[in-house]
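Structure first, then comments.
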Protein chains: 2
Amino acid sequence: MKTNAPITLGYDERLPLYQRLREEMLAKIAAGEWTPGAPIPTEAELTRLYGVAIGTVRKAVDTLVNEGLLIRSQGRGTFVRRPNFDSSLARFFRQVNATGGREIPTSRILAKALQSPSRTVAAALELEHGEQVIHMERLRMVEGRTLFHEDIWLPASRFGALLEIDSERFGELLYPFYETQCGQCIASAKETLTVGAADSAMAKVLSVEEGAPMVMIERMALGYDRSPLEYRISRAAAEGFRYQIDIS
Amino acid sequence: MKTNAPITLGYDERLPLYQRLREEMLAKIAAGEWTPGAPIPTEAELTRLYGVAIGTVRKAVDTLVNEGLLIRSQGRGTFVRRPNFDSSLARFFRQVNATGGREIPTSRILAKALQSPSRTVAAALELEHGEQVIHMERLRMVEGRTLFHEDIWLPASRFGALLEIDSERFGELLYPFYETQCGQCIASAKETLTVGAADSAMAKVLSVEEGAPMVMIERMALGYDRSPLEYRISRAAAEGFRYQIDIS
DNA sequence: TAGTGGTCTAGACCACTTA
DNA sequence: AAGTGGTCTAGACCACTAT
């Protein structure tokens, strides 16, 4: 076939073409050349760019669509997917208002401060020695009832802009805020669920008896280049938590 | 192209060919014509059988492989997958012995009896009025320590053979036993996790304080035709439970 | 060596979106 | 009407498995 100066596909030459193409596309996303919400080049363009057949391009795109990194939309194009957190463990609490509809809890930020990190936090965020963090303490409530208590840590080097902004202006969702105010885009996260008993302070915050079962969700959120951006611990009364999975 | 009396692909004619082919293959699995462990027809045979191109066959098989129902093995064939329960919530307990290796807990069956089901159990197993169940109570232990308490219910109509067999001969894993002794093959399951506090009886069984946090896992297991085969409730002390998910 | 799935090509036509 | 992804075809050659 005719190859109009196609870009050489790097990486291991023994790998199948479509996998090497996949790696190239991953790199584009990680580097921010292809950004969430914007369309990537069309299949025909990719065919020309890399000098491979359309079927090979489609197979490479297929794998990334299956992994949830890209979304195809017939007639419009293929886009870098913005993660939604519908599968978050935190969604498996009863989050209903009086009329029975599910709703996003309202946020109240109790504290926001620049700190030296604990060892745990420094390790989670992979901080250099002496690097500082922004710590936030937040409540999430539905109709006056406290659903979660959250501790949030962010590397000060990337999120300094947050210190300048009044907490009142934060809104309910933090991640869009991180993106617009700090240019930091969350691409994925790992959550770990454990169960414990509420101590007296947390019992008061969550309005339960001391010693009542409590669910803890630890979240490590990463950017598209897989660098750690946010470390978060959420606590909630275990009552009303109901998590479901399918096995096959 | 030449079509040597291909089998007509049923279902909705507006659906893409590869999706109709996928439905046909699903039906073969559900009907037990293609059984776990045995190879399905080769791609060339499917091409002939259904009078479609090889690419279409591959796409149909691709979808079922992605969904975890089939497994391809180069040079050998494509097989119906036997589910493994590695993703079960029950695996997220510390199941380690003294030497630190993960191990399958040993089982002790405390009770086995033919019963009339409670309403909950009858509904879960979709039993006809008056149909009976086999109930088993089982402990799962690691090095003398009780990890789980399990209640298991099975429709007597399908699992009657179990009543004839001495509980001592059951072994550690029930599902292979169901398959060999009763011809019932588990294809998938749905698990639901909730958290509560141990009552006095369960506290004694699990060797924890009364009121200590306890994890409950409800499992509904289905056959390849999606009929309910087993209903199970497992209880365990919440300490040592640690469940992790990835979000993207 | 024969038969399997794995990779790759080159094109045709369709369905949908946007302008 | 032009451009996008979606479906489908027909074949070539390769890598791996069993015998």
Side-chain angles (χ1 to χ4, degrees), chain A residues 1-4 6-25 34 37-81, chain B residues 1-4 6-25 34 37-81:
Chain A
M1 62 163 282
K2 195 152 38 141
T3 56
N4 290 321
I7 293 168
T8 330
L9 282 169
Y11 303 92
D12 193 336
E13 293 228 342
R14 296 165 304 183
L15 255 43
L17 258 182
Y18 77 92
Q19 279 186 30
R20 285 187 274 161
L21 179 50
R22 175 184 171 282
E23 299 281 348
E24 290 283 347
M25 298 171 72
W34 295 353
I40 70 170
T42 68
E43 298 181 342
E45 277 170 335
L46 290 170
T47 299
R48 281 196 303 278
L49 274 171
Y50 295 103
V52 297
I54 179 78
T56 305
V57 168
R58 287 190 63 80
K59 178 135 188 178
V61 173
D62 277 346
T63 64
L64 291 172
V65 168
N66 277 334
E67 292 165 38
L69 278 121
L70 296 179
I71 289 188
R72 280 204 261 242
S73 177
Q74 183 173 159
R76 300 203 305 132
T78 300
F79 303 80
V80 178
R81 176 168 163 273
Chain B
M1 63 163 283
K2 196 153 37 143
T3 56
N4 290 320
I7 294 169
T8 330
L9 282 169
Y11 303 92
D12 193 336
E13 292 227 343
R14 297 164 304 184
L15 255 43
L17 259 183
Y18 77 92
Q19 279 186 31
R20 285 188 274 162
L21 180 49
R22 174 184 172 283
E23 299 283 346
E24 290 283 348
M25 297 171 71
W34 295 351
I40 70 170
T42 69
E43 297 181 343
E45 277 171 335
L46 290 170
T47 299
R48 280 197 303 277
L49 274 170
Y50 294 103
V52 298
I54 178 77
T56 305
V57 168
R58 287 189 63 79
K59 177 135 188 179
V61 173
D62 277 345
T63 64
L64 291 172
V65 168
N66 277 333
E67 292 166 39
L69 278 122
L70 296 179
I71 289 188
R72 279 205 261 244
S73 177
Q74 182 173 161
R76 299 203 304 132
T78 299
F79 303 80
V80 178
R81 176 167 163 273

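We name chains A, B, ... by the order of the sequence lines, and we start the count at 1 in each one.
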Anything under 3.5 Å between a protein N or O and an N or O of nucleotides 4-8 of chain D, put it in a table, one pair a line.
from	atom 1	to	atom 2	distance (Å)
dT4(D)	O2	G75(A)	N	3.2
dG5(D)	OP2	E43(A)	N	3.0
dG5(D)	N2	Q74(A)	OE1	3.4
dG6(D)	OP2	R58(A)	NH2	3.3
dG6(D)	OP2	R72(A)	NE	2.8
dT7(D)	OP1	Y18(B)	OH	3.0
dT7(D)	OP2	K59(B)	NZ	3.2
dC8(D)	OP1	L17(B)	N	2.5
dC8(D)	OP2	L17(B)	N	3.0
dC8(D)	OP2	Y18(B)	N	3.1

Residues 52-61 of chain A, side-chain donor-acceptor partners within the protein, below 3.5 Å, at least two apart:
from	atom 1	to	atom 2	distance (Å)
R58(A)	NH1	E43(A)	OE1	3.1
R58(A)	NH1	E43(A)	OE2	2.8

Does the side chain of V80(A) reach to within under 4.5 Å of the side chain of L70(A), using non-hydrogen atoms?
yes
Considering residues at least two apart in sequence or located in another chain, which fulfil the side-chain hydrogen bond (donor to acceptor under 3.5 Å, both in side chains) criterion with S73(A)?
R76(A)
Using salt bridge (charged side-chain N to carboxylate O under 4.0 Å, His left out) as the criterion, list what pairs up with E67(A), not counting sequence neighbours.
R22(A)
Are Y50(A) and R20(A) packed together at the side-chain level, in the sense that at least one heavy-atom pair is separated by less than 4.5 angstrom?
no
Measuring from I40(B):CD1 to L64(B):CG, what's the distance to the nearest 0.5 Å?
8.0 Å
Rounded to 10 degrees, the angle between the two terminal axes of the helix from dT1(C)-dA18(D) to dT18(C)-dA1(D), each from five pairs
10°
Can any side-chain N or O of E45(A) pair as donor or acceptor with the backbone N or O of T42(A) at less than 3.5 Å?
yes
